[in-house]
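Written below as structure tokens is the structure these notes are about.
Read the numbers this way: they start at 1 and go in the same order the structure lists the ligands and their atoms. Computed from a predicted structure; not experimentally measured. Side chains are part of it too, since the values below use all heavy atoms of this structure and drop only hydrogens, waters and symmetry mates.
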Amino acid sequence: MSQTSVALLGATGSIGSQTLEVLRREPERFRLTAIAGGGGNIERLIAIAREFQVLQIGVPSNELREVLLSALPGSHVVVGDEGLKELASSADTIVNAVVGFAGLPVTLAALEAGKRLALANKESLIAAAPLVERVRHTPGAELLPIDSEHCAIHQALAGASSATGYRDVRRLILTASGGPFRGWTSEALDGVTKDKALAHPTWTMGPKITIDSSTLMNKGLEVLEASALFGIGVDRVDVVIHPQSIVHSMVEYVDGSVIAQLSKPDMRLPIAYCLGMPERLDHAWGALDFREPLTLEFSPPDLTNFPALPLAYEAARIGGVAPAWMSAANEVAVAAFLADRISWRQIVEVVSLTLSRYEPVGLTSLSELLEADARARQVATANLPQ
Ligand code: NDP
Ligand code: MG
């Protein structure tokens, strides 16, 4: 078996750690050759480099570069976005496990270099969909979704023809657990605390996506992600609440057949799927035991108490850089909530207000996108309650 080299960018986070677990199980198949972190967990980055004997490492600043060079003499330490780009074209498979818009250089560089991109970082795809579309057809480039819903759809679409724009597909149905506040009344939602918002019922994830799951913004972002990934308009992407997180998403075909992918909630399964394609790795990370009773429930989302979901459809309808604008505003608002500056309710209020002040621009170049992202952050910051 020939070994596949893997660059894991965002190695110190939740997806990063679970990717390392998959790699530990398959040392003959995969070799970790590059890692990067955001500087929030430098000891962990060093420990990963030592364990996997990784020589290429990315950090955000020159100061951290010095720290790494003294801990790991002889390693090649690169800095910032340029460093991420270098690492994102340095291996056969690139896992983008960075959180937020900061993952953009990884997404674009990996596809431009004709690599397999195993994408967890949905924010970059949502913000840059037209730019990603241009580079994803580079010879050798492959875009595979780690996000569990999209990985489920990728599996459920096997056999459907993308060449015809998925004519046989009526709609994609994304499942959502509903987060910790599913079924809560408006009054109860006024009393949401940070601890409660950080306690997801079915998944253990990094803080940003956990908050996004509590507002349903995560599902809104995933509607945009699905549309960009599969080239299917958001009018053919629906969301259904499924509290058990066993059915990870579904595809409804025009004849009424619905194909779903089921497993226990375990991100190692979609990570292994993206790393192993076209083969399946022989570890049943999320296997279900059908000898145990299993109840699966589905219901429509509550759009009144969770207005983030309709906002995402609105951003898609506006087009241009509106999805980038919305996602940037959301990053600002979530950071402010995590810093105890605003209440849970105010997260989506800030995003909504920022989207209502959207300054329309088409999206034809990276510089336009970077400008729009910076401007959206400015407007969102100005919209934070004092
Ligand atoms: P975490 O917060 O746990 O991890 C984020 C990672 O990104 C950390 O390794 C962090 O490094 C790194 N990072 C942040 N900024 C930079 C930067 N400028 N350069 C390099 N690395 C950076 O997040 P998650 O693992 O939960 O999520 C990662 C992505 O995957 C998100 O886009 C999320 O939406 C998506 N996703 C996550 C799922 C999950 O189960 N966790 C499920 C589906 C999608 P450090 O901490 O060292 O600063
Ligand atoms: Mg998901």
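Close contacts of ligand 1 with Glu123, meaning ligand atoms under 4.0 Å from a residue heavy atom, involve 31 (C), 32 (O), 34 (O). Remark: ligand 1 atoms within the under-4.0 Å shell around heavy atoms of Gly37 are 11 (O), 19 (N), 20 (C), 21 (N), 22 (C). Close contacts between ligand 1 and Thr12 involve ligand atoms 8 (C), 9 (O), 10 (C), 11 (O), 45 (P), 46 (O), 47 (O) [criterion: under 4.0 Å to a heavy atom]. Those atoms of ligand 1 that come under 4.0 Å of a heavy atom in Ala102, given as number and element, are 18 (N). Of all atoms in ligand 1, listed by their number and element, those nearer than 4.0 Å to a heavy atom of Asn121 are 32 (O). In summary, the atoms of ligand 1 found under 4.0 Å from a heavy atom of Gly40, numbered by their order in the structure, are 45 (P), 47 (O), 48 (O). Listed by number with element, the atoms of ligand 1 under 4.0 Å from a non-hydrogen atom of Gly10 are 6 (C), 7 (O), 9 (O), 12 (C). Close contacts of ligand 1 with Gly39, meaning ligand atoms under 4.0 Å from a residue heavy atom, involve 47 (O), 48 (O).
Looking at Met250 and Ile259, their side chains never come closer than 4.5 Å, going by heavy atoms from C-beta outward. Inter-residue side-chain proximity for Pro180 and Val192 is flagged as unmet; no heavy-atom pair is nearer than 4.5 Å. By the 4.5 Å heavy-atom criterion applied to side chains, Arg170 and Tyr253 are not counted as neighbours. Inter-residue side-chain proximity for Arg171 and Val237 is flagged as unmet; no heavy-atom pair is nearer than 4.5 Å. Residues Val95 and Leu275 have side chains in contact (heavy-atom distance under 4.5 Å, counting atoms from C-beta outward).
One N or O on the side chain of His242 and one on the backbone of Glu297 form a donor-acceptor pair closer than 3.5 Å. With hydrogens and angles ignored, the 3.5 Å screen pairs no side-chain donor or acceptor of Ser75 with any backbone N or O of Val77. The main-chain N or O of Leu384 is found under 3.5 Å from a side-chain atom of Gln386 such that the two form a donor-acceptor pair. For Thr202 (side chain) and Ser245 (main-chain N/O), no donor-acceptor pair under 3.5 Å exists by modelled atom type.
Residue contacts with ligand 1, taken as heavy atom pairs separated by less than 4.0 Å, involve Met205 via backbone and side-chain atoms alike. The proximity of Ser148 to ligand 1, defined as any non-hydrogen pair under 4.0 Å, does not occur for either the backbone or the side chain.
Among all protein heavy atoms, the one lying closest to atom 5 (C) of ligand 1 is Val99 CG1, 3.6 Å. Here the protein heavy atom with the shortest distance to atom 43 (C) of ligand 1 is Asp147 OD1, 3.1 Å. When only non-hydrogen protein atoms are considered, atom 16 (C) of ligand 1 lies nearest to Gly38 CA, 3.5 Å. Closest protein heavy atom to atom 35 (C) of ligand 1: Ala120 O, 3.1 Å. For atom 34 (O) of ligand 1, the nearest protein heavy atom (residue, atom name, distance) is Lys122 CE, 3.3 Å. When only non-hydrogen protein atoms are considered, atom 36 (N) of ligand 1 lies nearest to Ile209 CD1, 3.6 Å. Closest to atom 26 (O) of ligand 1, if we only count protein heavy atoms, is Gly206 N, 2.9 Å. In this structure, the protein non-hydrogen atom closest to atom 6 (C) of ligand 1 is Ala97 O, 3.5 Å.
A perpendicular orientation is assigned to the rings of Trp344 and Phe181, their planes being inclined by more than 60° (bins at 30° and 60°).
Comparing Asn41, Ile42, Val98 by heavy-atom distance to atom 29 (C) of ligand 1, the nearest is Val98. Compare Ala11, Gly13, Ser61, Pro207 by their heavy atoms: the one nearest to atom 2 (O) of ligand 1 is in Pro207.
Of the polar atoms of Ile15, at least one N or O is found under 3.5 Å from an N or O of ligand 1, judged by distance alone. Checking only distances, Ser14 does come within under 3.5 Å of ligand 1, N or O to N or O.
Here the straight-line distance linking atom NZ of Lys122 with atom CG of Asn96 works out to 12.0 Å at 0.5 Å rounding.
Using a 4.0 Å cut-off between charged nitrogen and carboxylate oxygen, Glu331 and Arg377 count as a salt-bridge pair.
Looking at Leu104, Val132, Leu131, Leu117 one by one, the single match for side-chain contact (heavy atoms from CB on, under 4.5 Å) with Ser124 turns out to be Leu104.
Residue Pro60 places no heavy atom under 4.0 Å from ligand 1. Using a 4.0 Å heavy-atom cutoff, Lys208 is absent from the residues neighbouring ligand 1.
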Would you please test Arg116 and Asp92 for salt bridge (charged side-chain N to carboxylate O under 4.0 Å, His left out) and show each step?
CA-CA 6 Å; Arg116 169 176 295 186; Asp92 301 322; over 6 Å; no
Does Val99 form a side-chain contact (heavy atoms from CB on, under 4.5 Å) with Ile209? I'd like the steps, not just the answer.
CA-CA 8 Å; Val99 62; Ile209 184 175; over 6 Å; no
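Within a radius of less than 2.8 Å around the Mg ion (ligand 2), the protein N, O or S atoms are Asp147 OD1, Glu149 OE1, Glu222 OE2.
The two residues Phe306 and Thr215 have their closest heavy-atom pair at CD2-O, 3.7 Å. Across Leu221 and Lys208, no two heavy atoms sit closer than the pair CD1-NZ, 4.0 Å.
Looking at His248 and Ser263, their side chains do bring a donor and an acceptor atom within 3.5 Å of each other.
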